[in-house]
Amino acid sequence: MSKPFITKDQLISELCAWKENKLSAEQLQDWMVTFYDPPEVEIGPGETEWVQEAMNVIMNEYELAKISKFKHESYELAMAFLDCSEDTFYQRRHSFIHDGFLD
């Protein structure tokens, strides 16, 4: 039996739907809560280690953040984070976490 997984494209699709107001912030968070369950679910199969880690950080933040703290600007920061290289990982993680949500 194979382990369930979430691809980078699936995560991008959910984030895009939220950005385009096809999903509410509550629905986005519900998706994260429902499907983000490491180590039961493989995150980012076939992606580089840093992209897998970026996916984990993004999904964890949207899963745990209060919905009132969500900012639509976090979409752009999440996309940049998902497109990170090993050299830009820490900078983009910092930007996503610290600028993507209301304090």
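Because only heavy atoms are used, hydrogens play no part in the values below, and waters and symmetry mates are left out as well, while side chains stay in.
Two different hydrophobic clusters hold Val33 and Ile43 under the rule that ILVMFWY side chains link at heavy-atom gaps under 4.5 Å. Criterion: ILVMFWY side-chain heavy atoms under 4.5 Å apart, direct or through other members. Under it, Val51 and Val41 are part of a common hydrophobic cluster.
With contacts defined as side-chain heavy-atom distances shorter than 4.5 Å, the pair Ile6/Trp31 qualifies. Between Lys19 and Glu76, some side-chain heavy-atom pair lies under the 4.5 Å cut-off.
Interatomic distance, Phe81 CZ to Ser74 OG, rounded to the nearest 0.5 Å: 12.5 Å. We find the CD-CG distance between Glu63 and Asp30 to be 10.5 Å, quoted to the nearest 0.5 Å. If you take OH on Tyr75 and SG on Cys16, they are separated by 3.0 Å, rounding to the nearest 0.5 Å. A distance of 9.5 Å separates OG in Ser2 from CD in Glu42, rounded to the nearest 0.5 Å. Separating the CD atom in Glu86 from the CD atom in Glu53 is a distance of 12.5 Å, to the nearest 0.5 Å.
Put simply, the side chain of Gln29 gets close to the backbone of Ala65: a donor and an acceptor are under 3.5 Å apart.
Here Leu28 pairs with Glu14, Leu15, Trp18, Met32, Tyr62, Phe70 under the side-chain contact (heavy atoms from CB on, under 4.5 Å) rule; sequence neighbours left out.
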Pair up each side-chain donor or acceptor in residues 54-61 with any protein partner under 3.5 Å, not counting sequence neighbours, and list the distances.
from: Asn56; atom 1: OD1; to: Tyr36; atom 2: OH; distance (Å): 2.8
from: Asn56; atom 1: ND2; to: Gln52; atom 2: O; distance (Å): 2.9

Donor-acceptor contacts under 3.5 Å from residues 92-103 side chains, at least two apart:
from: Arg92; atom 1: NH1; to: Ala80; atom 2: O; distance (Å): 2.8
from: Arg92; atom 1: NH1; to: Asp83; atom 2: O; distance (Å): 3.3
from: Ser95; atom 1: OG; to: Gln91; atom 2: O; distance (Å): 3.2

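Across Lys8 and Leu82, no two heavy atoms sit closer than the pair NZ-O, 3.3 Å.
In summary, Lys71 and Glu73 do not engage in a salt bridge, as defined by a charged side-chain N under 4.0 Å from a carboxylate O.
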